[in-house]
Participant: 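Pasting a structure below so you can have a look.
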2 protein chains.
Amino acid sequence: MLNLMTKQTTMCENQAIHPDAVAAAMDTLVTNDLAQNVARTFQALADPTRVRLLTSLLTVELCVCDMAYMLGTSQSAVSHQLRVLRDLKLVRARRSGRVIYYTLDDDHIRDLLQKALDHVQH
Amino acid sequence: MLNLMTKQTTMCENQAIHPDAVAAAMDTLVTNDLAQNVARTFQALADPTRVRLLTSLLTVELCVCDMAYMLGTSQSAVSHQLRVLRDLKLVRARRSGRVIYYTLDDDHIRDLLQKALDHVQH
DNA sequence: TGAATATATGAATATATATTCATATATTAT
DNA sequence: ATAATATATGAATATATATTCATATATTCA
């Protein structure tokens, strides 16, 4: 007897194994749209240079030069990274003359950094 | 008189403009190593599929099939993403027969997700 | 033992992104 | 007006990563 179907190794994509658990999970599962926004925020935090920039701003405001100097990286690189952080509203900028001062945008950011630090340090 | 130097447009990488602020920032600035670990954790959270997987696990445990079914993605893709989450200790797996159940690893993860959701929803 | 099923994973490809370089813009001082 | 300086940004390159496909592994059941 011949079998024209290719051998199926995984059925599970077409049906849930635990319908009750899945029904409950539906209540907390976020939409694709919201997941994308959340992911974009985490993405902005997902670079060592940006993490260092943010931790340097935990208690003081700094200008671009200060940050480039502290991190030993180029002004251009810092500006590019600050743009990412600004776009995601993680930092805020204010101009004074030709100097631009950056601060953390709000306390959420401090919390996120602190939780992540807690997590990696067990 | 001739100037053999190429025109310098940016001095600020070589000196801080606000030494006092920089000195204060040094206290909170994390090391490169720690920044890399923190960044890796955020990186694991920085994908819409992984965010949805994590939010689906906020209150219940689910097996791989359940998650593939809920998200409408392939079992392979889910397994690959779960590996990332496992490696960063964001989820934990337990086997029962041929089914593997996943849960959030600890409450830090819940907090991180919640803070990020707060942030994107203003 | 062999078939079925749940999960994991290596390789390949396509896409995203971090840095550098060059240069533009904005502000101040001469 | 011109020079100097702080910052921003476009283009290019190099590296990381998400998904797919094929297949391997582990467990159960007949």
Side-chain angles (χ1 to χ4, degrees), chain A residues 1 3 5-18 32 35-36 39-40 42-53 62-69 71-88 91 93-102, chain B residues 1 3 5-18 32 35-36 39-40 42-53 62-69 71-88 91 93-102:
Chain A
M1 168 151 23
N3 180 356
M5 305 294 291
T6 55
K7 188 182 177 192
Q8 188 83 28
T9 67
T10 299
M11 293 298 301
C12 73
E13 288 151 40
N14 309 314
Q15 91 193 51
I17 294 183
H18 308 90
N32 232 313
Q36 284 211 19
R40 262 193 283 270
F42 283 129
Q43 182 61 46
L45 294 158
D47 175 87
T49 300
R50 288 196 292 268
V51 167
R52 298 194 86 205
L53 288 174
L62 296 171
C63 72
V64 178
C65 281
D66 293 336
M67 292 186 261
Y69 170 75
L71 270 58
T73 60
S74 71
Q75 173 271 317
S76 177
V78 170
S79 271
H80 276 296
Q81 300 292 29
L82 286 171
R83 180 157 153 69
V84 175
L85 296 174
R86 253 186 296 124
D87 286 350
L88 274 295
V91 299
R94 75 175 176 89
R95 174 186 283 277
S96 171
R98 55 189 150 186
V99 178
I100 298 190
Y101 294 94
Y102 282 87
Chain B
M1 172 158 10
N3 181 355
M5 307 293 291
T6 55
K7 187 181 179 193
Q8 188 82 27
T9 68
T10 298
M11 294 299 301
C12 71
E13 286 151 41
N14 309 314
Q15 90 193 51
I17 294 184
H18 308 89
N32 232 314
Q36 284 210 20
R40 262 193 282 269
F42 282 130
Q43 182 62 45
L45 294 158
D47 175 87
T49 301
R50 288 196 292 267
V51 168
R52 298 193 85 206
L53 288 174
L62 297 170
C63 72
V64 178
C65 280
D66 294 335
M67 292 186 260
Y69 171 76
L71 270 58
T73 60
S74 71
Q75 174 269 319
S76 178
V78 170
S79 270
H80 277 295
Q81 300 292 28
L82 287 171
R83 181 157 151 69
V84 175
L85 296 174
R86 252 186 298 124
D87 286 350
L88 275 295
V91 299
R94 77 174 175 88
R95 175 185 283 277
S96 171
R98 54 189 150 187
V99 177
I100 298 190
Y101 294 95
Y102 283 87

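Residue numbers begin at 1 in each chain, while the letters A, B, ... track the order of the sequences.
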Participant: Looking only at N and O atoms, is any donor in the side chain of Ser76(B) or the base of dC21(D) less than 3.5 Å from an acceptor on the other one?
Facilitator: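 Indeed there is one.
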
Participant: In chain order, what residues pass the ring pair (Phe, Tyr, Trp, His ring centres under 6.0 Å) check against Tyr69(B), with sequence neighbours excluded?
Facilitator: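 Partners of Tyr69(B) under the ring pair (Phe, Tyr, Trp, His ring centres under 6.0 Å) test: none.
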
Participant: Using a cut-off of 4.0 Å on non-hydrogen atoms, how would the nucleic acid contact of Thr73(A) be classed: base, sugar-phosphate, or nothing?
Facilitator: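 No contact.
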
Participant: If you look at every heavy atom in Val91(A) and Leu82(A), which pair is closest and at what distance?
Facilitator: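 Nearest heavy atoms, Val91(A) then Leu82(A): CG2-O, 4.2 Å.
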
Participant: Hey, is the main chain of Ser96(B) close enough, under 3.5 Å, to the side chain of Arg94(B) for a donor-acceptor pair?
Facilitator: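 Side chain of Arg94(B) to backbone of Ser96(B), a donor-acceptor pair under 3.5 Å: no, none is there.
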
Participant: Base, sugar-phosphate alone, or nothing: which one does Tyr101(A) contact when heavy atoms must sit under 4.0 Å apart?
Facilitator: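 No contact.
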
Participant: Round to the nearest Å and state the distance from Leu85(A) atom CG to dT7(D) atom P.
Facilitator: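 Interatomic distance, CG of Leu85(A) to P of dT7(D): 15 Å.
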
Participant: With nearest nucleotide decided by heavy atoms, which residue, Arg86(A) or Gln43(A), maps closer to the 5′ end of DNA chain D?
Facilitator: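 By nearest-heavy-atom nucleotide position, the 5'-most residue is Arg86(A).
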
Participant: Let's test this: given Watson-Crick or G-U wobble pairing with both distances under 3.5 Å, identify the partner of dT17(D).
Facilitator: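 By the stated definition (distances under 3.5 Å), dA14(C) pairs with dT17(D).
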
Participant: When you get a sec, tell me which of dT9(D), dG10(C), dT7(C) is the closest nucleotide to the side chain of Arg83(A)?
Facilitator: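 From the listed options, dT9(D) comes nearest.
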
Participant: What string of B, S and - do you get for nucleotides 25-30 of chain D 5' to 3' if you count protein non-hydrogen atoms under 4.0 Å?
Facilitator: -SBB--

Participant: Do Arg50(A) and Leu45(A) have side-chain heavy atoms sitting under 4.5 Å apart?
Facilitator: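 A side-chain contact is absent here, since even the closest heavy-atom pair is not under 4.5 Å.
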
Participant: For a 4.5 angstrom cut-off between non-hydrogen side-chain atoms, does Cys63(B) reach Tyr102(B)?
Facilitator: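 Contact flag for Cys63(B)/Tyr102(B) side chains = no.
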
Participant: For Ile100(A) and dT9(D), what is the distance between atoms CD1 and C1' respectively, to the nearest whole Å?
Facilitator: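 My rounded result for the distance is 13 Å.
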
Participant: Over how many whole Å does the gap from His18(A) atom NE2 to dA6(C) atom P extend?
Facilitator: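 In whole Å, dA6(C) P and His18(A) NE2 are 10 Å from each other.
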
Participant: Is His80(B) side chain donor-acceptor paired with the dT20(D) base, going by distance under 3.5 Å alone?
Facilitator: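 Per atom types, the contact qualifies.
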
Participant: Round to a whole Å and report the spacing from CG of Asp87(B) to C1' of dA16(D).
Facilitator: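 The answer, rounded to whole Å, is 15 Å.
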
Participant: Look at all strands and tell whether Ser74(B) reaches a base, only sugar-phosphate, or nothing, counting heavy atoms closer than 4.0 Å.
Facilitator: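 Sugar-phosphate, no base atom in range.
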
Participant: Please report, rounded to the nearest Å, how far the P atom of dT7(C) is from the CE atom of Met67(B).
Facilitator: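 After rounding, the reported distance stands at 8 Å.
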
Participant: Determine whether any donor atom in the side chain of Gln75(B) lies under 3.5 Å from an acceptor atom in the base of dA6(C), or the reverse, and answer yes or no.
Facilitator: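 Check fails, no donor-acceptor contact within cut-off.
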
Participant: Between atom CD in Gln36(B) and atom P in dT15(D), what is the gap in whole Å?
Facilitator: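 So the two atoms are 15 Å apart, to the nearest Å.
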
Participant: Take atom OH of Tyr69(B) and atom P of dT7(C), then tell me their distance rounded to the nearest Å.
Facilitator: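 Going from OH in Tyr69(B) over to P in dT7(C) covers 16 Å.
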
Participant: How many Å lie between CD1 on Ile17(B) and P on dT5(D), as a whole number?
Facilitator: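 Roughly 11 Å, once rounded to whole Å.
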
Participant: Reckon Ser79(A) has a side-chain N or O less than 4.0 Å from the OP1 or OP2 of dT9(D)?
Facilitator: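 It does not, given that no N or O in the side chain of Ser79(A) lies less than 4.0 Å from OP1 or OP2 of dT9(D).
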
Participant: If I compare all heavy atoms of Pro48(B) with all of Ala39(A), which pair ends up nearest, and what's the gap?
Facilitator: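 Nearest heavy atoms, Pro48(B) then Ala39(A): N-CB, 3.5 Å.
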
Participant: Which part of the nucleic acid, if any, lies within contact of Arg50(B), taking any heavy atom under 4.0 Å across all strands shown: a base, the sugar-phosphate backbone alone, or nothing?
Facilitator: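 Answer is sugar-phosphate: Arg50(B) comes under 4.0 Å of backbone atoms only.
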
Participant: Return the pairing partner of dA22(C) with a 3.5 Å limit on both distances, Watson-Crick or G-U wobble; otherwise return none.
Facilitator: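 When the pairing criteria are applied, dT9(D) turns out to be the nucleotide that pairs with dA22(C).
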
Participant: Looking only at heavy atoms, which two atoms of Ala44(A) and Leu85(A) are closest? And how far apart?
Facilitator: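 Looking at all heavy atoms of both residues, the shortest contact is O-CD2, 3.7 Å.
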
Participant: Could you tell me whether a side-chain N or O of Arg86(B) sits under 3.5 Å from a main-chain N or O of Leu88(B), the two making a donor and an acceptor?
Facilitator: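 It does not hold such a pair.
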
Participant: Of the candidate nucleotides dA8(C), dT20(C), dA6(D), which contains the atom at the shortest distance from the side chain of Ala77(A)?
Facilitator: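 Selected nucleotide: dT20(C).
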
